[in-house]
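Worksheet for the structure shown next.
Basis for what follows: all heavy atoms, side chains included, without hydrogens, waters or symmetry-related copies.
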Amino acid sequence: AEYGHPSVPVDVPLWLAVHLRAQDRCRLVPPPWMELEALRNTLAVEKADPAFEPLPFHYVEVAEQLLRVAPGDFADAARVGTLLKDISDQRGLKVHEGLRDMDADTTAVKLNNLSAMEVNSVRDFLATGMD
């Protein structure tokens, strides 16, 4: 977010950036992982690679907050939202395909780079499956 002296970027916590932007007292600078090209690359890798691309643990929640309060601060907020949804859908598909492939002989499951939402989506299944 930019606050204080015009055009001087300052790193602030997300809650403060959202609060100041809601009051129209700053302009948000989207994080690098939310830039269109980065999202296109992430989606391409998610489709091509069975592993999960590293994203911030709370990428879904952060993106929703930023797009809600500051859509005008993105080059193309609608496209950013669509790409994020596509990435989330692709990752969800990989999670569910991985769970479907589990059987009685499965002794370990590698779940590196899952986000908070993805962890929550499998928590109940894994908890009951471990009993």
Side-chain angles (χ1 to χ4, degrees):
E2 292 181 3
Y3 182 72
H5 300 289
S7 299
V8 178
V10 177
D11 288 336
V12 298
L14 178 64
W15 67 267
L16 182 58
V18 168
H19 177 72
L20 291 173
R21 186 63 181 102
Q23 294 178 346
D24 202 25
R25 296 178 65 191
C26 72
R27 181 180 69 81
L28 294 182
V29 177
W33 60 268
M34 283 187 75
E35 293 176 6
L36 283 172
E37 193 57 34
L39 292 172
R40 285 186 193 107
N41 289 339
T42 298
L43 181 58
V45 172
E46 289 291 350
K47 288 180 176 181
D49 189 348
F52 293 90
E53 265 301 276
L55 285 170
F57 186 62
H58 291 286
Y59 84 95
V60 173
E61 299 87 343
V62 169
E64 285 177 356
Q65 288 288 314
L66 295 180
L67 289 170
R68 178 185 56 80
V69 75
D73 293 346
F74 290 85
D76 186 349
R79 184 71 181 131
V80 167
T82 299
L83 285 167
L84 285 163
K85 175 76 170 110
D86 292 346
I87 290 167
S88 180
D89 290 346
Q90 182 64 36
R91 290 170 66 99
L93 181 64
K94 289 199 292 192
V95 166
H96 292 291
E97 285 176 354
L99 293 177
R100 188 178 14 170
D101 293 342
M102 289 177 58
D103 59 22
D105 296 329
T106 302
T107 58
V109 178
K110 191 172 183 177
L111 298 173
N112 292 348
N113 298 321
L114 287 186
S115 72
M117 292 293 252
E118 293 151 358
V119 169
N120 284 329
S121 75
V122 298
R123 180 175 296 167
D124 289 339
F125 175 81
L126 292 176
T128 57
M130 300 292 213
D131 290 340

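Using a 4.5 Å heavy-atom threshold, the side chains of Val80 and Pro30 count as separate. At a threshold of 4.5 Å between non-hydrogen side-chain atoms, the residues Phe74 and Leu28 do not count as touching. By the 4.5 Å heavy-atom criterion applied to side chains, Glu53 and Ile87 are not counted as neighbours. At least one side-chain heavy atom of Leu14 sits under 4.5 Å from a side-chain heavy atom of Val18.
Taking Ala116 as the reference, Phe57, His58, Glu61 meet the side-chain contact (heavy atoms from CB on, under 4.5 Å) condition, with sequence neighbours excluded.
Leu93 and Val45 sit in two unconnected hydrophobic clusters of ILVMFWY residues. Membership requires side-chain heavy atoms under 4.5 Å apart, directly or through other members.
Between Ser115 and Pro56, the closest heavy-atom pair is CB-O, 4.5 Å. Among all heavy-atom pairs drawn from Pro71 and Ala77, the shortest one is O-CB, 3.4 Å. Closest non-hydrogen pair, Phe52 versus Asn112, comes out as CB-O, 3.6 Å. The heavy-atom pair separating Trp33 from Tyr59 by the smallest distance is CH2-O, 3.5 Å.
Using a cutoff of 4.0 Å between basic side-chain nitrogens and carboxylate oxygens, Lys94 and Glu97 are not scored as salt-bridged.
The structure places OG1 of Thr82 at 10.0 Å from NZ of Lys85, a figure rounded to the nearest 0.5 Å. With rounding to the nearest 0.5 angstrom, the SG atom of Cys26 is 7.5 Å from the CG atom of Asp73. The CG atom of Leu83 sits 12.5 Å away from the CD atom of Glu35 when rounded to the nearest 0.5 Å.
In this structure, a donor-acceptor pair under 3.5 Å is absent between the side chains of Glu118 and Ser121.
Test Leu55, Thr42, Asp86 against Arg91 for side chain to side chain contact (heavy atoms under 4.5 Å, CB included) and you get one pass: Leu55.
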Would Leu84 and Leu67 satisfy side chain to side chain contact (heavy atoms under 4.5 Å, CB included), going step by step from the backbone distance to the final call? CA-CA 11 Å; Leu84 285 163; Leu67 289 170; 3.9 Å; yes
